[in-house]
Visitor: 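Can you read through this structure? Questions will come right after.
Chain letters run A, B, ... following the sequence lines, proteins first, then strands; residues in each count from 1.
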Protein chains: 2
Amino acid sequence: MSDNITIKDIAKLAKVSYSTVSRSLNDSPLVSEITKNKVIKIAKDLNFEFNANARGLILSKSNAIALVLSNKFSYLDTNSYQGLLLKSYLDIIDKKGFDLILLKQQDFINTNNIVIQHIKSKKIDGLIFLVENPNKETLSIINKLKFPVIFVHYPPTPELKNFNIIYSDYYKGGRLLADHLLKKNHIKFTILCNDKYNEEYYLREKGFCDEIKRHGGIINKLSCELNFFSAVECCEENIESITKTTALFGINDQIALAAMKVLSEHEIKIPNDIAIVGYDNSELSMYSSPSLTTINLNRDQMVQSCIENLIIQIKNANKKVIPNEIIILDPLLMERASS
Amino acid sequence: MSDNITIKDIAKLAKVSYSTVSRSLNDSPLVSEITKNKVIKIAKDLNFEFNANARGLILSKSNAIALVLSNKFSYLDTNSYQGLLLKSYLDIIDKKGFDLILLKQQDFINTNNIVIQHIKSKKIDGLIFLVENPNKETLSIINKLKFPVIFVHYPPTPELKNFNIIYSDYYKGGRLLADHLLKKNHIKFTILCNDKYNEEYYLREKGFCDEIKRHGGIINKLSCELNFFSAVECCEENIESITKTTALFGINDQIALAAMKVLSEHEIKIPNDIAIVGYDNSELSMYSSPSLTTINLNRDQMVQSCIENLIIQIKNANKKVIPNEIIILDPLLMERASS
DNA sequence: CTGAAAGCGCTTACAG
DNA sequence: CTGAAAGCGCTTACAG
């Protein structure tokens with residue numbers, strides 16, 4: 001028997017029409033149990049698999065979901081988080097019987113948009129966007145097509161108001177960290193963040209600062225680029241103002257660890273002299289010395305809900321009933337040795 | 001015009017047969033420039049994309065490559081490395097015009113092997129295996145099918161002798177670290193590794209130990225599980241024997257960082273009291289305090305060569321000429337503050 | 001319950 | 001250079 005077995009080969013062996021083979025292998029109720037079992041046995045013995053292209057062509061679906069990553073994924077700096085997310089997506093999408101295709105959003109204006117290409121060529125049934133600034137033209141086409149899509153991780157922007165979104169409550173995460181430190185009787189705080197407007201980081205910062213101010217705390221705000229080395233530099237330049245405070249919030253784990261490194265090198269004891277907290281619950285945060293207090297974004301929950309929502313959309317794709325759900329996840333304080 | 005444009009729609013508008021449309025859009029030399037340009041313009045105006053399933057069906061190819069990850073990918077412990085690899089694969093596969101599909105190798109005996117399923121259903125044109133112990137049954141089927149495949153990262157085992165492989169010279173990496181420490185006049189060394197047989201880690205260890213012994217050094221060998229917390233425990237239990245040596249090699253960065261954490265907590269100065277080196281050049285190694293001397297596996301080179309080799313196989317798939325190449329990459333010493 | 005037939009959207013020999 | 005036709009491997013009304 002050749003490598004390429006089709007339902008016609010099975011039909012010959014089972015002495016039935018290939019329509020019947022198709023029905024049997026698709027578990028149609030229109031076939032007798034006896035015929036069905038005979039066909040299934042033969043197919044199994046031959047290690048038969050449906051040709052996905054033929055099926056996709058006639059059914060107009062691919063059983064694949066694309067995860068769109070931003071170009072930033074290329075920079076390790078702020079995005080080790082994304083790498084970790086991938087394994088969750090793979091696990092869950094796999095369990096649901098879909099394929100996971102990875103796509104990169106190109107950031108230049110692209111006439112030849114890879115996401116739209118995949119939709120139009122029927123390579124995918126649904127889309128997950130894990131990008132901060134989705135291409136607007138792409139958004140408008142997806143919206144017009146009513147193509148199943150969900151946006152994850154980033155807080156919603158006005159352009160996303162017609163879409164399904166799932167993200168974490170960053171404001172609340174900031175507040176949790178502030179509460180934690182206030183409970184430990186800190187009064188003077190340093191926050192290490194970035195001035196450039198970014199909704200997610202803005203909310204982290206605002207949640208923290210609002211809460212601190214509400215309790216009469218004092219904040220020393222420092223700005224740096226959102227990468228380790230820039231944060232190191234910033235801390236070294238501002239070591240004096242930092243040491244006038246007793247608690248430091250790095251807007252993400254990497255920034256917090258940079259601060260930890262600089263302070264350690266200056267013989268400042270953590271958490272005794274200065275408490276440090278981060279945000280993301282990255283792998284880094286567990287392995288640092290001391291381990292870092294941080295915020296858990298509830299990644300697995302996010303992925304789980306994201307996929308479930310998307311699959312509902314895919315199953316109802318023809319009905320054009322868009323649930324238009326906005327899911328906001330509760331962040332979790334991870335109390336560790338650094339505070 | 002409807003959302004689903006086919007070559008027939010274009011044919012009508014261009015007033016040619018749809019064969020001619022197909023030829024024009026595939027840049028066949030059998031069409032006049034005038035006709036071709038007319039057709040191309042119309043297709044562009046309509047944002048036409050070929051139906052990938054129809055094309056895949058007739059051409060018997062999918063333009064997709066699957067990256068097979070091991071179940072271990074689920075554990076963050078030893079595999080943050082894999083997360084970083086992904087971005088390289090995505091970048092390069094994307095550049096070559098292929099789709100990247102992620103697959104998990106199931107470790108139980110699977111009648112319903114997902115990798116074979118993807119091959120037989122024509123969902124993929126080639127395979128990259130990033131798994132330590134590929135399923136033997138899968139290997140034998142792939143071999144029989146002469147399906148394009150390459151195995152990356154792990155040193156070859158006997159079962160892989162008919163396949164293309166690319167990996168780093170782990171023995172040499174171990175030697176580089178030994179040489180580096182010997183040059184700094186260390187004589188007594190601790191190595192933190194795992195006793196269970198694993199070719200890659202065995203080579204790292206052997207490369208290191210052979211070189212040390214050749215120079216008359218003394219080795220204190222400690223065993224732990226290959227994760228951060230087990231390494232921490234091991235170091236705490238063996239702090240006495242460790243402090244009798246002046247240099248420590250953690251078999252990977254995570255192990256080395258665990259040692260760094262424990263030693264710091266015991267007020268042991270790094271690198272003055274004890275030098276520490278790791279292996280992998282993981283993100284963690286750059287951000288630790290002090291930053292960690294380690295071995296760079298030349299990840300980008302590995303991915304680049306891997307994809308190039310695979311695409312050559314895909315292009316020659318019909319010719320059944322298997323190049324059977326074994327590519328061994330040179331490791332690189334990353335000298336940092338910890339040694 | 002089963003089979004013959006049409007059709008999904010392409011590519012490509014074949015004929016002109 | 002162009003078109004009509006066959007066929008890739010399926011699904012599913014339609015007829016019985």
Visitor: If you write DNA chain C from 5' to 3' in dot-bracket form, with Watson-Crick or G-U pairs under 3.5 Å, [ ] for crossing pairs and | for pairs with another strand, what do you get?
Guide: |||.||||||||.|||
Visitor: Do the side chain of Asn143(B) and the main chain of Leu139(B) share a donor and acceptor less than 3.5 angstrom apart?
Guide: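 No; judged by distance alone, with no hydrogens or angles, the pair does not exist.
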Visitor: Shoot me the first and last contacting nucleotide of DNA chain C against chain A, ordered 5' to 3', at under 4.0 angstrom to non-hydrogen atoms.
Guide: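 Terminal contacting nucleotides, 5' to 3': dC1(C) to dG9(C).
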Visitor: Taking salt bridge (charged side-chain N to carboxylate O under 4.0 Å, His left out) as the test, write out the residues that go with Asp300(A), two or more places apart.
Guide: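 Not a single residue meets the salt bridge (charged side-chain N to carboxylate O under 4.0 Å, His left out) criterion with Asp300(A).
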Visitor: Categorize Leu59(B) for me: base, sugar-phosphate, or nothing, with a 4.0 angstrom heavy-atom threshold over every strand shown.
Guide: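 It contacts sugar-phosphate atoms only.
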Visitor: Show the nearest heavy-atom pair for residues Cys306(A) and Val152(A), with the distance to one decimal.
Guide: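 Result for this residue pair: SG-CG1, 3.4 Å.
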Visitor: Considering residues at least two apart in sequence or located in another chain, which fulfil the ring-ring contact (aromatic ring centres under 6.0 Å, His included) criterion with Phe50(A)?
Guide: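 For Phe50(A), the residues satisfying ring-ring contact (aromatic ring centres under 6.0 Å, His included) (neighbours in sequence not counted) are Phe48(A).
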Visitor: Looking only at atom C1', what distance separates dT12(C) and dG16(C), rounded to whole Å?
Guide: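 The same atom, C1', in both gives a distance of 16 Å.
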Visitor: Are Lys95(A) and Asp91(A) within salt-bridge range, i.e. N to O under 4.0 Å?
Guide: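 No salt bridge links Lys95(A) with Asp91(A).
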Visitor: Show me, pair by pair, the donor-acceptor contacts under 3.5 angstrom made by side chains of residues 12-19 of chain B, not counting sequence neighbours?
Guide:
| from | atom 1 | to | atom 2 | distance (Å) |
| --- | --- | --- | --- | --- |
| Ser17(B) | OG | Ser19(B) | N | 3.4 |
| Ser17(B) | OG | Thr20(B) | N | 3.3 |
| Ser17(B) | OG | Thr20(B) | OG1 | 3.2 |

Visitor: Heavy atoms only, 4.0 Å cut-off, all strands: where does Phe50(B) land among base, sugar-phosphate and nothing?
Guide: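 Contact class for Phe50(B): sugar-phosphate only.
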Visitor: Nearest nucleotide by nearest heavy atom, which residue falls closer to the 5' end of DNA chain C, Ser17(A) or Thr6(B)?
Guide: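 Final value for this comparison: Ser17(A).
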Visitor: Short of 4.0 Å, heavy atom to strand atom, which residues of residues 22-40 of chain B count as contacting DNA chain C?
Guide: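 Of all residues in residues 22-40 of chain B, the ones placing a heavy atom under 4.0 Å from DNA chain C are Ser22(B), Arg23(B), Asn26(B).
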Visitor: With side-chain hydrogen bond (donor to acceptor under 3.5 Å, both in side chains) as the test, would you mind laying out the steps for Asn135(A) and Gln105(A) before giving the verdict?
Guide: CA-CA 8 Å; Asn135(A) 180 304; Gln105(A) 163 167 304; 5.8 Å; no
Visitor: Any idea which heavy atoms bring Lys123(B) and Ile101(B) closest together, and the distance?
Guide: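 Smallest heavy-atom distance, with atoms named: O-CD1, 4.2 Å.
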Visitor: Working note: Gln117(A) + Asn113(A), criterion side-chain hydrogen bond (donor to acceptor under 3.5 Å, both in side chains); need CA distance, chi angles, decisive distance, verdict.
Guide: CA-CA 6 Å; Gln117(A) 250 177 45; Asn113(A) 187 304; over 6 Å; no
Visitor: How close do Ser28(A) and Lys36(A) get, heavy atom to heavy atom, and via which atoms?
Guide: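 Looks like O-NZ, 3.0 Å.
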